[in-house]
Structure formats: C-alpha cells, structure tokens
Amino acid sequence: MLNALVAALLAVLPLAGPGTIYATDDPFTSERTQWFRDARFGMFIHFGGYSQLEGEYQRSDGSTCQDAEWIMNKCRIPTAEYERLVKSFNPAQFSAKAVVDTARAAGQKYIVITSKHHDGYAMWPTKVNKWSLRDHSAFDRNRDVLAELKAEADRQGIKFGLYYSTWDWHDPDARSAQNFARYKARMRAQLVELIDGYDPALLWFDGDWDTDNPPNPWTKQDGAELESFLRAKDPDLLINNRISKRAPGVKERRVVDGDFGTPEQTFPSAPIDGQLWESCMTIPSKWGYAKWDKNFKSATTLTRNLVDIASRSGNYLLNVGPDKFGRIPAPESDRLRAMGSWLARHGDAVHGSSVASWVADPAWGAVTRKDDKLYLSVYDWSNSLHLKVLEPFDVTSARVLGSSQHVAVVKAGDGYDVKPVGAKTNDVATVIELTVRGEQAAPPGTGEGLRAQYFPTNNWTGTPTTRTDPSLNFAWRFDGDNFSVRWTGFVQPRFSDTYTFLTVSDDIAKVWVDGKLVVDASQAHQVRVDKGTIALQAGKKHAIRVDYAERTGEAHLKLLWSSANQNQQVVPEEQLYTN
Ligand code: H79
C-alpha cells in the first residue's frame, strides 16, 4: 500500500534538477540479476487464443490465410470473428508438469510464458475484462494455467517469468490517443494481478514499435513510469528493454531501458556494450503454434547457438508453441531433450559461464570461461586446434569432457595449439576443458566513490554543490534540464590490463584517465555508448575525471569498464577514490 503510494507519487512528481528515480543497481553484478546471468538458457512459451486457430484462417470466400500469433492482425480477422473462433479454445491437455519437466530435461533454468500477447487475450482469470481463458473459452473454469505453471516451476526450482504485450489489438482504448489513459489503467491493474497472483521473477514486455495498424500510443514516458512503478512494487524483478517505446523509424533499442536487451531471431557476435542481453528465437519459424510450420532447426544448430550465445555473455530464450490442446509439439520437445542430453555432460561450458576475453573467437567453435576453467566447445573436430591468445595465461591441465584421451597444449605462434589425441565424443560439440592460471587479482579496493561537483548550468560554470558519488550509474531521464557534473578522483584497477572505459550518456560525456582523453562524447547526443582504451596497472591509483552535461530531454550517465580479466560492469565504488 505504502509502496504503491510512493511509486504513484514518484511517477507524477518531476524531480527538480539532478536526482534519480529510475537508476537501479548494476545489472552486470547485482544479486538481483545473479540467477539470470548464470542461467544462460530459458524456455519461452507462446500460448494464447491464437493457438486455437493452428496457424490457419479460412476466409468466407474459401481462401486460406496463414500466420500464427499474429493471425488476427495479418489475416485481418474481424474482432467478433476472432472472438467466435477463440470461444472454443480448450487446452485441456495442458500439463504444467510436462512443460516444466521438458524445460528441466533441456537444461533450461527459467520459463517465460505469454500472459497476454498482442491479441489482448489474457491467459489468467483477469478481473479487468472478460477477454480471457477463464471467461472466453471452453476450458475448465477451475483451472488456471499460469498458477499451475508457477506452482510446478517453484516445485522444480525453475524461475518463472511472464510476457506481456503493451500493444493491444483488442481493447479499443489501446489504439486511441484520447482514451489511452483508461487502457493504461487497465494494463496496470492487470500487471498488479500478475505480480500479486503469480510472483514472477521476470517481466518480458513486447510491442514497443511505432505503428498505425492498429495505432500504438505508448510512449517512452509511459515505459519509464511503468518501470518505476514495477520496481517500487517488486525491487527484485528483472524487466526487459521493450517496456520502453521505439521512436518512429528507429530500429535499435536503447541500452538504458530495462535490465537486458532482447535481440530477436538473431544474436550478436560479441557481448553487448552497456547492457545484459538475451536472444529469443524459435525452433520452427513462428512463435505461436502453426500446423504447417515444419521448418525445424536441428538440435545441433540450437545447441551451438546456445554455446555461441554463452560465449558472448548472453542468454538464449528458446521458444515452444503449444498446440490448441496445450501440448508442446513433439518436434520441439525432442530437440529440447537432445539439447539437454548434451548439456548433461557439457553444462559447465554454458551454465554460469561467460565470454573468455583472454582468447580470440576460434573458427572451429566457441570458448567460454568460468573461474579458472576455459571450455573449448569444438564444432569442427581436429587433432590440432589453435587458440589465439590476447592476454597471457598458463594452462595447468587439459581434458576432454566425457573422454579419457590425452590432450597436449603447446605454445605456438600467437597462442597455443591444443592437441587432443583421440576422436570427438559427439557430433554437436566436443568440449575440451582447460584449467588455467591468469594474473592474480589485486585485492578489492577500499574506495568510496568520486568527488562530484554539480553545476547549475550546462557548461560547468557557476557555483557547484558537491558530494561523493559511489558510482556513476544514473538515469535522470525526463528530469533536470541544463545542469552539468564534474567527477574527479582516482580509479584503482585489480588487474594490469588494457581497460576499455565505456560511457552510456545523454547529452555530453568526456572521460580522462591519467590526463589522457579516453572517451570523447562531446557532441550533444541522445542515449549513446562511447568507449576508449587505456593500459592500467593493478593496485595503482590512476587519476580520473569525468565531465558530463545535460541540456534538454532525458539525462543519462553511466561509467563502465571491461578488460581481458574484468568482465563488463559499472566501475564499482571500491575502485573509486576521492583522493
Ligand atoms: O512474440 C513474438 C512475436 O510475435 C513478437 N515478438 C516475439 C517475441 C514480434 N512481432 N513482431 N515482431 C516481433 C517483429 C516486428 C515487426 C514489425 Fe511492424 C515490423 C514492427 C514494426 C515493423 C508489423 C509491421 C508491425 C508493425 C508494422
């Protein structure tokens, strides 16, 4: 009650000048996100009223139109007609146990199910309207698939997340700029039902694009207000970036929205600068069930995708589309089980593992790192695998997982030749585990942050107010035009590495280290990532200065770093000193 009140106040009260209502912790390191960063593999479930149509719509003229979860929109099915078709939806064979068993057998650590897709149909007994599995179907009125799934997920130790589309084709107020506030109130009421009723660990929003078919009045401000409301209600929630809105014609999403980025049907070739990420992909081509959709990716492709994604510090959210009876199609569960049987032997290469920045990406597979282990997942097996080394380390032992064959590791050229003597153990990826020893980390620092001077102008003039900021991790968003900040002090790294300093800024940011201009984002810009590198010495205090200015619009400033030994993170308080 009090939380809701505070959140409501925060959502409407503009803060004057610098302050923050939006910045959270550092998702790269916080306890809140730990399960997600370790999980690497999750199950997406697209299940809704559209599942009843099985991907096909017969028009009155006898022609057929095919799509899946978009069928209402793409096949231009009138609302009344779509409602009539969905009325007979009866997924009586939905089994939460079967779904969670499948996820667990696959090695998936979390599930995210569509509570409401773009068609607006609620998969739980919402009290907000009658357009739901409870009130508009032929399904048992005593059953609640979300409740069943949540209970089973808890029982099996699988994290539970919910997808929710902010774009809505069914609610007439959702496409009306004039009545949009009424839709937003209903949306918020539904999200409160979902959080109070099903305690999700993660919310996965969708529908952030600008379109007229039907119109989507959702704005960045709406997203920011909803995000701060949700975080006040449940500070542990993970939220994806699509809670925001993409401006007309803008393809890229911004790294300042939500906790993680959401590449769809693709994945990046390196870690994403400035944000955690999770690629969502399908097994056939569509998300929702379509009986004609038979172009299934192989278990080998899917498993290698997972390893590639882990090697870039991302997560793989792999989708299943239960049929109208509620069953995961056998070609999908078969592939998931095949992935799980590979993971049963080789899971250490994926779960809890991340980018291996000591080495270059090899052509023969992918490399991941967990603590003192490097996992070489070999797709193209050979008895001499070259590993190009970017940061020196020693190899103390080597073995092939699931095999007793000897593996020699010899220095060669710009790195090592890894030489297993035997055959591959399987055709998906044979994993060579190297036990390694790199540079010893200097002790964690004892810093308390940088000295901050906040100026009442946008050009570091006038009389500043001063304070100590523990880290530079701000999202002032819509508040506080025309101010500037100068942070000064020292940064003390734990490794002797070439560090990449990275700013997320809007409007202007500059970073000097040891007097050298490392990041120069001095042209006013919207949210942007900039970076530069400099060699630092472990344990040494290097002088640092960060200048930041905000003119108009949103205000953002984050300072992150990464190196061969240090995965990307907001530069932590302990490594920052005022003197
Ligand atoms: O739920 C799954 C998909 O149904 C949904 N996201 C995943 C997780 C999704 N739907 N569409 N897309 C993703 C891609 C977006 C297509 C678009 Fe457009 C092209 C949006 C803007 C241009 C179609 C044409 C919609 C508006 C105009």
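This is a predicted model, so every value here is computed, not measured. All values below come from the heavy atoms of this structure, side chains included, with hydrogens, waters and symmetry mates left out. In listed order, ligands and their atoms are each counted from 1.
The backbone N or O of Asn241 sits nowhere less than 3.5 Å from a side-chain atom of Ser244 that would complete a donor-acceptor pair.
For atom 5 (C) of ligand 1, the closest non-hydrogen atom on the protein side is Asp206 OD2, 3.2 Å. Counting only heavy atoms of the protein, atom 10 (N) of ligand 1 lies nearest to Trp70 NE1, 2.8 Å. Counting only heavy atoms of the protein, atom 26 (C) of ligand 1 lies nearest to Thr211 OG1, 3.6 Å.
Within a 4.0 Å radius of atom 7 (C) of ligand 1, the protein contributes one or more non-hydrogen atoms. Contact annotation for atom 3 (C) of ligand 1: protein present (non-hydrogen atoms, distance under 4.0 Å). By the definition of a contact as any protein heavy atom under 4.0 Å away, atom 24 (C) of ligand 1 is not in contact. Atom 13 (C) of ligand 1 is approached by the protein to below 4.0 angstrom, counting heavy atoms only.
Ring geometry for Phe94 against Phe47 counts as parallel: the plane angle stays under 30°, on a 0 to 90° scale with 60° as the upper cut.
Distances below 4.0 Å separate heavy atoms of Tyr163 from the following atoms of ligand 1: 1 (O). Set against the non-hydrogen atoms of Trp287, the atoms of ligand 1 under 4.0 Å away are 2 (C), 3 (C), 7 (C).
Residue Trp204 has no N or O atom closer than 3.5 Å to an N or O atom of ligand 1. When only interatomic distances are considered, the shortest N/O to N/O separation between His117 and ligand 1 falls below 3.5 Å. At least one N or O atom of Glu264, backbone or side chain, sits closer than 3.5 Å to an N or O atom of ligand 1. Close N/O approach between Asp210 and ligand 1 is not found [any backbone or side-chain N/O within under 3.5 Å]. Residue Trp167 has no nitrogen or oxygen atom sitting less than 3.5 Å from a nitrogen or oxygen atom of ligand 1, judged on distance alone.
The pair Lys220-Glu554 counts as a salt bridge, with a side-chain nitrogen and a carboxylate oxygen less than 4.0 angstrom apart.
In terms of heavy-atom proximity, Asp168 sits nearest to Lys116 at OD2-NZ, 2.8 Å.
Applying side-chain contact (heavy atoms from CB on, under 4.5 Å) to Phe260 and the options Leu202, Ile239, Asn315 leaves one that passes, Leu202.
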Verdict with reasoning, Trp169 to Tyr82, per ring pair (Phe, Tyr, Trp, His ring centres under 6.0 Å) | CA-CA 11 Å; Trp169 304 329; Tyr82 190 72; 7.9 Å; no

For Trp209 and Trp167, what are the C-alpha separation, side-chain angles and deciding distance, and is it a ring pair (Phe, Tyr, Trp, His ring centres under 6.0 Å)?
-> CA-CA 9 Å; Trp209 44 84; Trp167 195 33; 5.7 Å; yes

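Under 4.0 angstrom from ligand 1, there are no non-hydrogen atoms of Thr114.
A distance below 6.0 Å separates the ring centres of Tyr163 and His117.
Between Leu162 and Ile113 there is a side-chain heavy-atom pair separated by less than 4.5 Å.
For the pair Arg312 and Phe267, the cation does not sit on the ring face, since its NZ or CZ is not both under 6.0 Å from the ring centre and inside 45° of the axis.
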